[in-house]
Amino acid sequence: MDEVRSTTAWVATHSSHVKIDSLEIEKVVDSMQGNIPVVEWDFEKIHYFDNGPLTVQYMFVLDALNFCFWPDKDLNYDHFAMGLKEALENDKSALDADRLQTYTGPELRKMLKWPRPLPSEEERVRLLHEVGQELERSFGGEAANLVKSSGNSAATLVKLIARHFPGFRDHALYKGRQIFLYKRAQIFVADLWGAFKGNSFGNFDDVNSITIFADYIVPAVLRQLGVLKYSSALCKMVDSDMEIVPGTEEEVELRACSIHAVEKMRELIKKKFGKQVLSIEIDLWLWSYGVRIPTLPHHRTLSIYY
Ligand SMILES: Nc1nc2c(c(CN[C@H]3C=C[C@H](O)[C@@H]3O)cn2[C@@H]2O[C@H](COP(=O)(O)O)[C@@H](O)[C@H]2O)c(=O)[nH]1
């Protein structure tokens, strides 16, 4: 996690298209007196939860597929969360490691009750197979064992996931450097923490090491708040729904500056109000705010990472 923090900070200081406005961060923090609005995890009541290992399997599969819904304007995260939940409720073995390895695109679509091909359907199926194979090879088929082997460390869990599952290796090259973002691996940790309320499979001693999850919603919210300022060329690209190529400076800056801006926000809250807030808490507030405004323009990058 230190690498996520340090490399995204480096991007922020070398950024050409996105700037962090420190004065606006201060205004936001002051206006809330350092109190981040509390948003309950699963505020939409859409996730499977049985307080046991199957919940962990569900969250891991969900976060393996938790990316790039926007190419289908009627599709969003909730369809996946609810679709997989229903599939599990109908058949407890639906997400077993051996089953994950055999799903086809049409079967996945059917499971999610989606009437047409999913965006990046072949990639989603490939990632499901990868998860099934590696869970079976190294973790007795269970994501719960992967979590157990992290020894209650969020940072270790993210590292383990990145080591074992190539689909989660969310990183980029920027001005000659490797930048680590790890959105889906980190959100899995946060989902466990939220679902199990910091206990059992969600008990991590270092949950404060997690950063926000750099997706396509949070940068849009930070821009709306005035915390991120885009160059006029980037404004035009985002506002006209023009696709931004993955790995371009613009794309990396949007994501990395979002992470760094929130880290700065946390530091300021600590300094001014003496409060320790988690990036997870800030993320959930920003994300839940963003998804309630469907007209908020967000950047569009075809990616398997977010
Ligand atoms: N930063 C951040 N990004 C998040 C989430 C979540 C869902 N987290 C759930 C877990 C517990 C809570 O109850 C949440 O419901 C999804 N995403 C990302 O958003 C985008 C999808 O947007 P749309 O197309 O409108 O559904 C896509 O990139 C997706 O990967 C989050 O929490 N934080």
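Predicted model, so just to flag it, every value in this text is computed and none were measured. Remember, it's 1-based here, ligands and their atoms both numbered in the order they're listed.
From L62, atom CG reaches atom CG of L84 across 5.5 Å, with rounding to the nearest 0.5 Å.
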Provide, line by line, the atom pairs where ligand 1 and the protein bring an N/O atom each to a distance under 3.5 Å; else say none.
residue  : atom   : partner : partner atom : Å
ligand 1 : 1 (N)  : F213    : O            : 2.9
ligand 1 : 1 (N)  : D283    : OD1          : 3.3
ligand 1 : 1 (N)  : D283    : OD2          : 2.8
ligand 1 : 3 (N)  : D215    : OD2          : 2.8
ligand 1 : 3 (N)  : W287    : NE1          : 3.3
ligand 1 : 13 (O) : D42     : N            : 2.8
ligand 1 : 15 (O) : E44     : OE1          : 3.3
ligand 1 : 17 (N) : W287    : NE1          : 3.2
ligand 1 : 19 (O) : D215    : OD2          : 3.0
ligand 1 : 19 (O) : W287    : NE1          : 2.8
ligand 1 : 24 (O) : Y216    : OH           : 2.9
ligand 1 : 26 (O) : Y77     : N            : 2.8
ligand 1 : 30 (O) : N66     : O            : 3.0
ligand 1 : 30 (O) : N66     : OD1          : 2.6
ligand 1 : 30 (O) : K183    : NZ           : 2.4
ligand 1 : 33 (N) : D283    : OD1          : 2.7

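Within a 6.0 Å sphere centred on NZ of K229, other residues, nucleotides and ligands contribute more than 12 heavy atoms.
Inspection of the R5 and T211 side chains reveals no N or O donor paired with an N or O acceptor under 3.5 Å.
Two rings, from Y305 and F168, have their centers 6.0 Å or more apart. In summary, the aromatic rings of Y58 and Y48 are positioned with their centroids under 6.0 Å apart.
Aromatic ring orientation, H47 versus Y77: tilted (interplanar angle from 30° to 60°).
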